Amino acid sequence: MLHAYKFKDENIILDVNSGCVHLVDNVVFDVLTKYGEDYKASVNSGIPREVIEEIDELVSENMLFTEDDQVTKTMLTGRDAVIKALCLHVAHDCNLRCRYCFGDTGFYFGERSLMSLETGKKAIDFLIEKSGARRNLEVDFFGGEPLMNFDVVKAIVEYGDMAAKKRGKLIRWTMTTNALLLDDEKASYLNETMDNIVLSIDGRKEVHDNMRPSSNGKGSYETVLKNIKHMRDVRKGKYYLRGTFTKHNLDFSKDVCHLADMGFPNISMEPVVTSDDVDYRITKDDLPAVLGEYEKLADICLDYAKQGKQFAFFHFNIDPSQGPCVVKRVSGCGAGTEYVAISPEGDIYPCHQFVGTEDFKLGNLSDVDCFATLAMTEISNDCHSGPVDACHSGPDPESIFQNKLYDYFNEAHIYSKPACMDCWAKFYCSGGCHANAYFSNNDILQPDEIACALERKRVELALGIWAVSEIG
Amino acid sequence: MKHIKTLNRPVLKDVDGKGCGECQTSCQSACKTSCTVANQECESKTPFKPIDSADASRI
């Protein structure tokens, strides 16, 4: 499968299944787009033989028209059932009242609550116990607003670092915060302990304040900006600014520039994810405007690079010469299999987006034995004769994370999603967000159509920017 | 080649020793800003890092 398109003055051919990116002249572009795999027939239309020979060479080297045969379903379903990442909802409470919040302004459709240290420690124990042989683990402090439970965050990090070290593992800590409580002390602490920090701000003051008022109804922009500027000045490692755009600011490239021009080098701006009944929802009718804004952002990235300005738009950070392996790209985000979210009460869900949705509750930290029981059942089902202990030579069931929805999520890879099978961007998005698919189409195997359109555009532009920068 | 310039090797065809699972989780949801799996890192290769304060200008 090929994807052929134009970016600036370049003709780009992406060989989807190998990941090879080729820049071609107009003759080759026309041959490949008109004739496809039957390109040799183009000689009858007067195409020079040397063109055919160049295409032949790439085909013979498995760099053009390659087959999608490198990953088998067995490779995907036979993976170890272990967890390597937690989203810890340390606070189901928030000091903002964002109008578009998927988490019910921090409450997740339940009671206001903060995670106790005891529950946090249980979560860490659970992660380490169920991580099998994985060494690198991740914990993201999330909410609500995690800084509303700052003392517990600190105690969990202290406990987790010690617990991981004892087992020869490494926990990478991250936090997603609205920055409203990010004073000097907290900024210093986050700088020292967090592998990555995601700071939420929507861009221009009027845009931000419209959608992200404080709990007292006033705008939060001034305080947030002051705090993230301080974070910028002290930060030694990774951090991102992350904003949301809605129908009310379809000119969101201006919001990105607003932040970039203040010296924030890594920026993400995401489309709002919401229900059908709100006036700020992005609809199909908005697609031309949104796609146009992404094109503007690509121009801005190229222009800023020429000017020597530090700026990277998150979705354009793709390097086709490296990145994760194909197995990872095929298998997706790992929600419900290697990644789970934990509520302040210790309830376990496949990911943060499903928190509060009862059908997706996998269990509670107070009853983790149920996962070992399920693991034993699974092993037993795989052994058609003899006692379980005699046939099982794999990992200890106690270290396996088998859950009631494990197969449901584990099998939700791109080869199970009809819309992904023939999509050229499948190795770049991994089938998209399960939760987005579920809440849009009531089916995790049916990706959200609008999200797909946006992703395809972003990947096209990302590959184009990379290609242009490669040839100088 | 005169008509075609190839910019990278076929990185997606190699599966030997791949899928170790040590890489970062790649949440695809919009709220986590981790959406595009292709910009994640492989733990066994030189990481593709976002800009930090010490980096020079780049895209």
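Everything numeric here is computed off the predicted structure, so don't read it as measured data. Reckoned from all heavy atoms, side chains included, excluding hydrogens, waters and symmetry mates. Below, chains carry the letters A, B, ... as their sequence lines are ordered, and counting in each starts from 1.
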Would you mind checking which part of [X] comes under 4.5 Å of any heavy atom in chain B, side chain (CB onward), backbone (N, CA, C, O), both or neither?
X       : result
V330(A) : neither
V21(A)  : both
I13(A)  : neither
A467(A) : both
N62(A)  : backbone
A133(A) : backbone
N26(A)  : neither
E54(A)  : both

Roughly how far, to the nearest 0.5 Å, is [atom2] of [Y] from [atom1] of [X]?
X      : Y      : atom1 : atom2 : result
I52(A) : H3(B)  : CD1   : NE2   : 10.0 Å
R9(B)  : E61(A) : CZ    : CD    : 6.5 Å
K13(B) : D68(A) : NZ    : CG    : 7.0 Å

*Mind ranking D15(A), T174(A), L58(A), V27(A) by heavy-atom pairs under 4.5 Å with chain B and telling me who comes out on top?*
L58(A)
*Any idea which of E50(A), Q70(A), R135(A) has the most non-hydrogen atom pairs under 4.5 angstrom with chain B?*
Q70(A)
*Please report the closest heavy-atom contact between V16(A) and L12(B), naming both atoms and the distance.*
O-CD1, 3.6 Å
*Shortest non-hydrogen contact between N8(B) and M63(A), atoms and distance*: O-CE, 3.8 Å
*Hey, are K5(B) and D25(A) close enough for a salt bridge, meaning a charged N less than 4.0 Å from a carboxylate O?*
no
*Exam field: side chain K2(B) to backbone V51(A), donor-acceptor pair closer than 3.5 Å*: no
